[in-house]
J.: 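Take this structure first; my questions come after.
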2 protein chains.
Amino acid sequence: MRTKKTNQKSIFRVAELSDCSISTVSNVLNNKGRFSKATRDAVLKAVKKLKYHPNSAGRSLRLQRTETLGLLFYPSCAEIFRNPFYAEVMEGLEAALLKAGYYLLLAGYDAASSDAEVPGFLRQGKVDGLIFLGRFPSEIIRRFSKFDTPLVLLDSNVEWPVDSVVSDGFSAEVNVVAHLHALGHRRILFLAYNHEDSNIDLRVQGFLAGLRQMGLPDGKKSVIREFMSHDDIYSALRKRLDGPNPPTVVIAVNDTLAMDMMSRLASDGIRVPEQLSIVGYDDHEGSAKCSPSLSTVRVNKVQLGQVGAEMVMNRIKSPDSPVVKSTLPTEFVARGSVEAAPK
Amino acid sequence: MRTKKTNQKSIFRVAELSDCSISTVSNVLNNKGRFSKATRDAVLKAVKKLKYHPNSAGRSLRLQRTETLGLLFYPSCAEIFRNPFYAEVMEGLEAALLKAGYYLLLAGYDAASSDAEVPGFLRQGKVDGLIFLGRFPSEIIRRFSKFDTPLVLLDSNVEWPVDSVVSDGFSAEVNVVAHLHALGHRRILFLAYNHEDSNIDLRVQGFLAGLRQMGLPDGKKSVIREFMSHDDIYSALRKRLDGPNPPTVVIAVNDTLAMDMMSRLASDGIRVPEQLSIVGYDDHEGSAKCSPSLSTVRVNKVQLGQVGAEMVMNRIKSPDSPVVKSTLPTEFVARGSVEAAPK
DNA sequence: TTGAAAGCGATACCAG
DNA sequence: CTGGTATCGCTTTCAA
């Protein structure tokens with residue numbers, strides 16, 4: 001009983017050295033309560049001398065807050081590491097979180113929750129919020145959004161109220177169509193994955209709206225979206241190219257798809273852009289370097305990460321504020337993979 | 001005083017429901033101490049019903065252990081995300097850590113420790129150990145290894161005792177040289193970065209040993225290692241190619257460098273492998289797909305991650321066991337970028 | 001302006 | 001076998 005306070009570890013050393021109580025040390029460090037300048041200086045000096053950093057387990061336990069966010073990937077960490085799009089998003093995330101003193105806990109979805117409903121770290125209270133990166137099936141997003149842990153979708157969106165940040169795919173594609181139309185293109189084909197994501201829907205809708213604005217037919221045949229694998233998408237594309245009224249230009253839902261189609265076309269001896277123009281989306285690293293360089297829609301990926309990070313942190317602060325669905329502007333980038341339509 | 005135990009939160013609910021004390025609940029969950037099958041079942045039933053998961057802050061505080069590892073990148077998270085080599089390493093890490101119930105805390109080095117000596121989460125006790133991924137300057141590694149936090153270097157190594165796992169670059173390059181010699185190559189040039197890492201040294205040493213074994217001169221001129229940037233390395237290479245006795249084959253210290261050199265050579269109209277053969281190292285995704293496909297040394301990157309993960313976890317268990325420097329076997333992969341030396 | 005003491009949730013000793 | 005209680009390091013009343 002009498003040795004009670006001697007039991008305190010770290011913070012107690014600081015208190016000892018600066019000759020005051022642990023409460024005062026805590027107050028100084030958190031800038032709360034009142035204390036004289038003299039004690040403040042003494043405490044700070046001791047802190048520096050001991051290189052003291054508050055233990056985070058103690059803090060978390062007391063504050064019921066971990067200052068850590070979960071970064072969830074689908075399908076797995078490794079998968080995301082393969083996609084350079086996310087590298088830039090990470091830059092933004094990293095910077096914003098660092099500034100706010102948050103850390104990131106990593107977890108591939110499939111792995112982290114193999115049999116469990118949600119990854120263990122969520123139930124164990126290891127994180128204050130969640131950031132979703134990748135193409136999560138909406139069923140999984142729904143499962144998480146039932147929890148009351150703050151959650152933000154990066155470059156992805158769903159119909160129901162969940163914070164999210166995406167690029168303005170609608171306007172972007174309207175704009176792309178206008179651009180292509182001006183170059184004389186009249187038969188434009190859109191390529192996307194058969195994947196439920198309202199972020200993707202937006203691009204498709206924008207594309208169709210663009211067609212209408214230009215007075216072009218916007219029938220079913222203008223979009224290929226029945227497949228998930230590049231193999232299937234490519235064979236559908238080939239079929240269309242070999243059929244009647246082949247498109248003179250193809251718009252892919254992202255650069256990864258565009259570049260893969262381009263290399264498959266090259267293998268098959270179909271020349272881009274002479275025989276077929278191609279447009280991508282994202283402008284990820286490599287789109288400028290490939291040959292021919294890829295015309296695409298530039299998305300500010302660093303900003304995407306930044307805005308996303310701020311959104312989760314805001315929601316942590318005010319859990320009941322209205323849901324935010326943020327949309328970032330884009331910019332068309334003309335490169336070598338597009339030229340005027342053949343006569 | 002009398003309401004003391006009512007204060008316990010989560011675990012207390014379980015105790016309540018299974019009609020026993022919190023100590024018993026804890027014992028059951030950790031399989032410690034003794035308890036009857038009846039209580040065990042009651043507890044487990046309650047746990048399942050309440051979907052109880054022990055709070056990790058409480059656990060960490062008590063156990064002085066977080067069951068979290070820090071994944072440190074150099075220079076930044078984003079940088080690593082750009083390199084597909086690490087994607088595969090991550091697969092191995094992810095799998096091994098998941099199985100052991102460890103989580104990964106992410107941190108780019110530059111960001112996480114901008115002004116501080118080491119990243120905050122280390123001092124805050126947020127991690128039990130550290131995994132280093134990337135080309136850390138040895139000065140930084142030294143700084144960390146002075147801490148008593150377990151630490152393992154993945155695909156990197158230093159002279160002093162720190163756990164590490166690398167591929168067997170020495171044997172690999174001896175073998176590459178033998179292979180090239182058999183194809184008639186006599187003038188072989190090695191390309192590496194001017195970067196202190198005994199993992200890289202190993203490859204260079206293996207290369208030189210290979211030359212000697214084949215009775216070839218192993219003078220200074222057989223290695224270019226004075227530069228860091230691809231620009232500088234390439235111009236040094238070009239100079240050598242245009243000089244007297246140009247090499248007939250180039251070995252790059254990794255696939256990234258090899259592929260970049262290859263595309264620069266192509267731009268300059270130098271044909272691979274007709275005019276110059278090229279060999280890489282790592283066999284990362286894309287090495288098989290590029291044109292010409294790249295002859296290289298295959299490293300089992302998934303295994304690298306796995307072994308690394310196990311090494312940190314072992315050291316956490318037994319901090320005083322001897323340092324382990326693990327070396328993984330490799331395999332030469334012959335592809336299109338190498339052909340027999342011109343007459 | 002300061003400090004004693006009460007917990008946050010979990011584990012582990014030790015007495016019953 | 002079981003349960004009371006001290007303790008991990010920290011923040012935060014509340015009284016002095």
Side-chain angles (χ1 to χ4, degrees), chain A residues 1-16 18-43 46-47 50-67 101 120-121 123-126 128, chain B residues 1-16 18-43 46-47 50-67 101 120-121 123-126 128:
Chain A
M1 200 48 77
R2 54 199 165 289
T3 49
K4 189 67 168 290
K5 52 191 226 182
T6 332
N7 293 325
Q8 316 294 333
K9 255 306 187 25
S10 299
I11 201 177
F12 182 72
R13 303 287 163 237
V14 179
E16 218 172 29
S18 51
D19 197 43
C20 65
S21 74
I22 61 169
S23 347
T24 299
V25 173
S26 176
N27 278 335
V28 169
L29 288 174
N30 296 297
N31 246 309
K32 280 188 179 159
R34 316 241 153 275
F35 38 78
S36 65
K37 189 172 180 330
T39 39
R40 200 191 86 105
D41 291 344
V43 167
V47 164
L50 298 173
K51 298 188 181 188
Y52 169 74
H53 284 244
N55 173 283
S56 93
R59 237 176 103 83
S60 296
L61 186 54
R62 179 67 233 235
L63 295 178
Q64 302 291 54
R65 165 160 62 85
T66 60
E67 275 144 358
F121 65 73
R123 314 210 74 115
Q124 295 169 201
K126 271 182 123 60
D128 300 337
Chain B
M1 200 46 79
R2 54 202 163 285
T3 48
K4 189 68 168 290
K5 52 192 227 178
T6 334
N7 293 325
Q8 315 295 331
K9 254 312 186 24
S10 298
I11 202 177
F12 182 73
R13 303 286 162 239
V14 179
E16 218 171 27
S18 50
D19 198 43
C20 64
S21 74
I22 59 168
S23 343
T24 299
V25 173
S26 176
N27 278 337
V28 168
L29 288 174
N30 296 295
N31 246 311
K32 281 190 177 156
R34 315 244 152 276
F35 38 80
S36 66
K37 190 173 180 330
T39 39
R40 200 192 86 107
D41 290 345
V43 167
V47 163
L50 297 174
K51 298 190 181 189
Y52 169 73
H53 283 242
N55 173 283
S56 93
R59 239 177 98 83
S60 297
L61 185 55
R62 180 64 234 233
L63 296 178
Q64 302 289 52
R65 164 160 62 86
T66 59
E67 274 145 358
F121 64 73
R123 313 211 74 116
Q124 295 169 201
K126 272 180 122 64
D128 299 337

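Within every chain, numbering begins at 1; the chains are lettered A, B, ... in the order of the sequence lines, protein sequences first and strands thereafter. No hydrogens, no waters, no symmetry mates; every other heavy atom, side chains included, goes into these values.
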J.: As a test of reading the structure: which of dG3(D), dA6(D), dC10(D) is closest to the side chain of Pro54(A), going by heavy atoms?
T.: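 Closest nucleotide to the Pro54(A) side chain: dC10(D).
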J.: Assign each of Gly58(B) and Ser36(B) to its nearest nucleotide of DNA chain D by heavy atoms, then name whichever residue's nucleotide is nearer the 5' end.
T.: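 Looking at DNA chain D, the more 5' nearest nucleotide goes with Ser36(B).
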J.: Measure CG/Asn31(A) against P/dT11(D) and give the value in whole Å, please.
T.: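 Whole-Å distance recorded here is 13 Å.
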J.: For dT11(C), take OP1 and OP2 only and decide whether either is under 4.0 Å from a side-chain N or O of Arg59(B).
T.: yes
J.: For the CD atom of Glu16(A) and the CD1 atom of Ile22(A), what is their distance to the nearest 0.5 Å?
T.: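 The CD atom of Glu16(A) sits 12.0 Å away from the CD1 atom of Ile22(A).
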J.: Can you tell me which residue among Val43(B), Asp41(B), Val47(B) is in a side chain to side chain contact (heavy atoms under 4.5 Å, CB included) with Val28(B)?
T.: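 Only match with Val28(B) under side chain to side chain contact (heavy atoms under 4.5 Å, CB included): Val43(B).
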J.: From the list dT11(D), dG9(C), dT11(C), which nucleotide is the closest neighbour of the side chain of Leu63(A)?
T.: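 Per side-chain heavy atoms of Leu63(A), the pick is dT11(D).
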J.: Considering only heavy atoms and no angle criterion, is a donor-acceptor pair shorter than 3.5 Å present between the side chain of Ser10(B) and the base of dG9(C)?
T.: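 No, no donor-acceptor pair under 3.5 Å.
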J.: Mind calculating the distance between CG (Leu29(B)) and P (dT2(D)) to the nearest angstrom?
T.: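 Nearest whole value for this atom pair: 14 Å.
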J.: What does Thr39(B) touch in the nucleic acid at a heavy-atom separation under 4.0 angstrom: a base, only the sugar-phosphate, or nothing?
T.: sugar-phosphate
J.: Over how many whole Å does the gap from Glu67(B) atom CD to dT11(C) atom C1' extend?
T.: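 Rounded to the whole Å, the gap is 13 Å.
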J.: Take atom NE2 of His53(B) and atom C1' of dA10(C), then tell me their distance rounded to the nearest Å.
T.: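 For the pair His53(B) NE2 and dA10(C) C1', the rounded distance is 15 Å.
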J.: Counting only side-chain nitrogens and oxygens, does Gln64(B) get under 4.0 Å of the OP1 or OP2 atom of dG9(D)?
T.: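 Yes.
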J.: Let me confirm one number: the CG-CZ distance from Leu29(A) to Arg40(A), rounded to the nearest 0.5 Å.
T.: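 These two atoms lie 10.0 Å from each other.
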J.: Between dT11(D), dA12(C), dG3(C), spot the one nearest the side chain of Lys32(B), thanks.
T.: dA12(C)
J.: Mind checking the OG1-CD spacing from Thr66(B) to Gln124(B)? Nearest 0.5 Å is all I need.
T.: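 Answer rounded to 0.5 Å: 12.0 Å.
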J.: Think Ser23(B) has a side-chain N or O under 4.0 angstrom from the OP1 or OP2 of dG3(D)?
T.: no
J.: Would you call Phe121(A) and Ser56(B) a side-chain contact if the rule is heavy atoms closer than 4.5 Å?
T.: no
J.: Can you tell me if the side-chain N/O atoms of Asn27(A) get under 4.0 Å from OP1 or OP2 in dT12(D)?
T.: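 No.
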J.: I need the CG-P distance between Asn55(B) and dG7(C), as an integer number of Å.
T.: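 Spelled out: CG on Asn55(B) to P on dG7(C) is 18 Å.
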J.: If you only use heavy atoms from C-beta on, which nucleotide in dT11(D), dT2(D), dT5(D) is closest to the side chain of Ile22(A)?
T.: dT11(D)
J.: Between atom CG in Asp41(B) and atom P in dC1(D), what is the gap in whole Å?
T.: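 So the two atoms are 13 Å apart, to the nearest Å.
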J.: Could you state the atom-to-atom distance from CD of Glu16(B) to P of dG3(D) in whole Å?
T.: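 Taking atom P of dG3(D) as the reference, CD of Glu16(B) is at 14 Å.
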J.: Can you measure Asp19(A) atom CG to dT2(C) atom P for me and round it to whole angstrom units?
T.: 11 Å
J.: From the options dT11(C), dT2(D), dA4(C), select the nucleotide whose nearest atom is closest to the side chain of Thr24(B).
T.: dT2(D)
J.: For the side chain of Arg34(A), counting heavy atoms from C-beta on, which of dT11(C), dT1(C), dC10(D) is nearest?
T.: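 When the side chain of Arg34(A) is considered, dT1(C) is the closest of dT11(C), dT1(C), dC10(D).
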J.: Do Cys20(B) and Val25(B) have side-chain heavy atoms sitting under 4.5 Å apart?
T.: yes
